[in-house]
Asker: 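Once you've had a glance at the structure underneath, I'll fire off some questions.
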Amino acid sequence: MINIAIMGHGVVGSGVVEVLTHNSESIERRAADKIYIKHILDLREFPESPLCDRFTKDFNDILNDDSVKIVVETMGGINPAYNFVKSCLLAGKSVVTSNKELVATHGQELLTIAKENNLNFLFEASVGGGIPIIRPMIQCLAANEISEITGILNGTTNFIMTKMIRDNTDFSDALSLAQKLGYAERDPSADIEGHDACRKICILASLAFGKHVYPNQVYTDGITKITLSDVKYAEKWGGVIKLLGRVKMLENGKINVTVYPAFVPNDSQLSLVDDVFNAIMINGDATGEVMFYGRGAGKLPTASAVVADVIDCVKHVKARKYLYWADTEEDYVVDHLDTKAELFIRIKTDNYDGDCEKISEQFGEVRFLSDVGDEIAFITKEGVERDLLNSLDKTGLNAESVIHILY
Ligand code: HSE
């Protein structure tokens with residue numbers, strides 16, 4: 001029997017208890033050992049829980065218990081998760097976490113401690129909820145040079161966009177529903193402003209290219225400024241708006257990493273990914289495009305990934321799984337403004353023809369999506385993003401929306 005502890009009994013932590021309890025027989029068979037939850041750390045009381053006798057409010061009960069070999073961290077956030085996880089690794093305990101903020105911010109350091117102590121630090125649940133992505137990427141795609149990863153990495157924003165596109169639902173109503181369904185972060189600004197997707201693309205980029213990409217290196221924009229008018233123009237253009245996390249390897253060996261809403265054409269598989277579902281498209285030189293799809297948020301899908309890592313830890317309690325990346329290098333992540341882009345631009349106008357002329361003067365040929373009225377919407381040709389934005393400046397017009405095109 002192997003003793004584990006779980007830190008955090010929120011949506012994911014309680015899901016982990018549920019999955020371990022409900023599927024105990026098959027889990028024991030696959031782990032080739034019985035998994036016993038010895039401690040659950042949470043500051044709240046859970047008198048109704050069948051495991052109510054195992055709860056503690058004191059982290060030291062876990063840290064100082066030498067019989068606990070694996071610790072699950074499902075608290076979220078950096079404090080106190082970072083100190084707790086680091087202490088557990090330094091005390092010789094393997095750690096499984098669903099905490100993308102922790103991995104994106106401190107992953108390199110924690111992986112190094114795990115490596116030095118011959119322990120596992122696993123985080124399958126940190127990206128894509130229930131979608132197997134970390135393990136397939138580092139194991140099944142290990143033979144490939146990866147050139148690009150593009151993903152719908154946040155269930156809450158995909159749910160909100162789907163409601164806006166399909167049902168014309170107001171942004172705040174859709175957000176409230178996502179919160180009620182347990183998809184959103186405690187502070188939903190992390191979802192709607194793109195930080196959650198940013199953390200996830202950081203983890204994928206670090207894994208794919210072997211150097212840590214930190215959230216502050218990534219241009220990040222969320223969906224808060226997207227309007228139903230933008231949604232309608234995307235439809236007219238032949239696509240939908242999705243929040244995308246992207247990393248591309250450039251010819252100079254540097255990478256471009258971005259998070260922003262983008263027009264996705266209807267012929268892209270990503271355009272079909274709706275509701276809370278996530279999808280991650282990976283381009284490998286041997287495989288070509290491979291897409292991973294599934295529930296990217298929610299209690300049991302995320303718990304499923306955590307428990308799979310726990311099983312892996314049990315099976316490799318004496319042998320470390322190979323999972324590591326080096327620290328970042330200066331200028332490794334380029335400024336996205338220096339890379340190529342195509343933009344959708346929407347402008348309010350009281351002089352439709354005159355302003356269209358100004359736009360054509362600065363941008364050359366563009367594709368107008370709007371009909372004569374109080375709004376001009378158009379798609380630029382491909383260009384360096386900084387140049388496109390300079391052209392916009394030179395028109396002297398104020399854009400209501402500037403949205404990237406996926407290409
Ligand atoms: N808030 C996250 C999302 C949860 O909506 O995708 C899963 O990471």
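Just follow the structure's listing: the first ligand is 1, and inside any ligand the first atom is 1.
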Asker: For the pair His9 and Phe55, name the ring-plane relationship: parallel under 30°, tilted 30 to 60°, perpendicular over 60°.
Answerer: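 If you compare the ring of His9 with that of Phe55, the planes turn out perpendicular.
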Asker: Measure the acute angle between the ring planes of His212 and Tyr214, then classify it against the limits of 30° and 60° as parallel, tilted or perpendicular.
Answerer: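 Plane angle under 30°, so parallel.
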Asker: Which protein heavy atom lies closest to atom 2 (C) of ligand 1, and at what distance to 0.1 Å?
Answerer: Glu185 OE2, 3.1 Å
Asker: What do you reckon, is CD of Gln269 surrounded by more than 12 foreign heavy atoms closer than 6.0 Å?
Answerer: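 It does not: Gln269 CD has 12 such atoms or fewer within range.
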Asker: Of all the non-hydrogen atoms in the protein, which one sits nearest to atom 6 (O) of ligand 1, and at what distance?
Answerer: Gly155 N, 2.7 Å
Asker: May I ask you to identify, for Asp191, whether its side chain, its backbone, both or neither come under 4.0 Å of ligand 1 on a heavy-atom basis?
Answerer: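 Looking at Asp191 and ligand 1, just side chain atoms fall under 4.0 Å.
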Asker: Flag Ala297 as yes when one of its N or O atoms lies below 3.5 Å from any N or O atom of ligand 1, and as no otherwise.
Answerer: no
Asker: Has Glu145 got more than 12 heavy atoms of other residues, nucleotides or ligands less than 6.0 Å from its CD?
Answerer: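 No, the 6.0 Å shell around CD holds no more than 12 heavy atoms from other groups.
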Asker: So, is the end of the Lys254 side chain (NZ or CZ) under 6.0 Å from the ring centre of Tyr332 and within 45° of the ring's axis?
Answerer: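 No, cation not above the ring by the 6.0 Å, 45° rule.
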Asker: Among Phe171, Tyr183, Phe277, which residue satisfies the ring-ring contact (aromatic ring centres under 6.0 Å, His included) criterion with Phe159?
Answerer: Tyr183
Asker: Nearest 0.5 Å, what's the OG-CG distance between Ser14 and Leu51?
Answerer: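 Reported value, rounded in 0.5 Å steps: 11.0 Å.
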Asker: Looking only at N/O atoms, are Lys100 and ligand 1 under 3.5 Å apart anywhere?
Answerer: yes
Asker: Which atoms of ligand 1 are found less than 4.0 Å from any heavy atom of Tyr183?
Answerer: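 Listed by number with element, the hits are 1 (N), 2 (C), 3 (C), 4 (C), 5 (O).
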Asker: Given that the side chain starts at C-beta and the backbone is N, CA, C, O, which of these parts of Thr302 lies under 4.0 Å from ligand 1, counting heavy atoms, or is it both or neither?
Answerer: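 It is neither; nothing of Thr302 touches ligand 1.
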Asker: Provide, to 0.1 Å, the distance between atom 5 (O) of ligand 1 and the closest protein heavy atom, together with that atom's residue and name.
Answerer: Thr156 OG1, 2.6 Å
Asker: Does Gly296 come within less than 4.0 Å of ligand 1, judged by its heavy atoms?
Answerer: yes
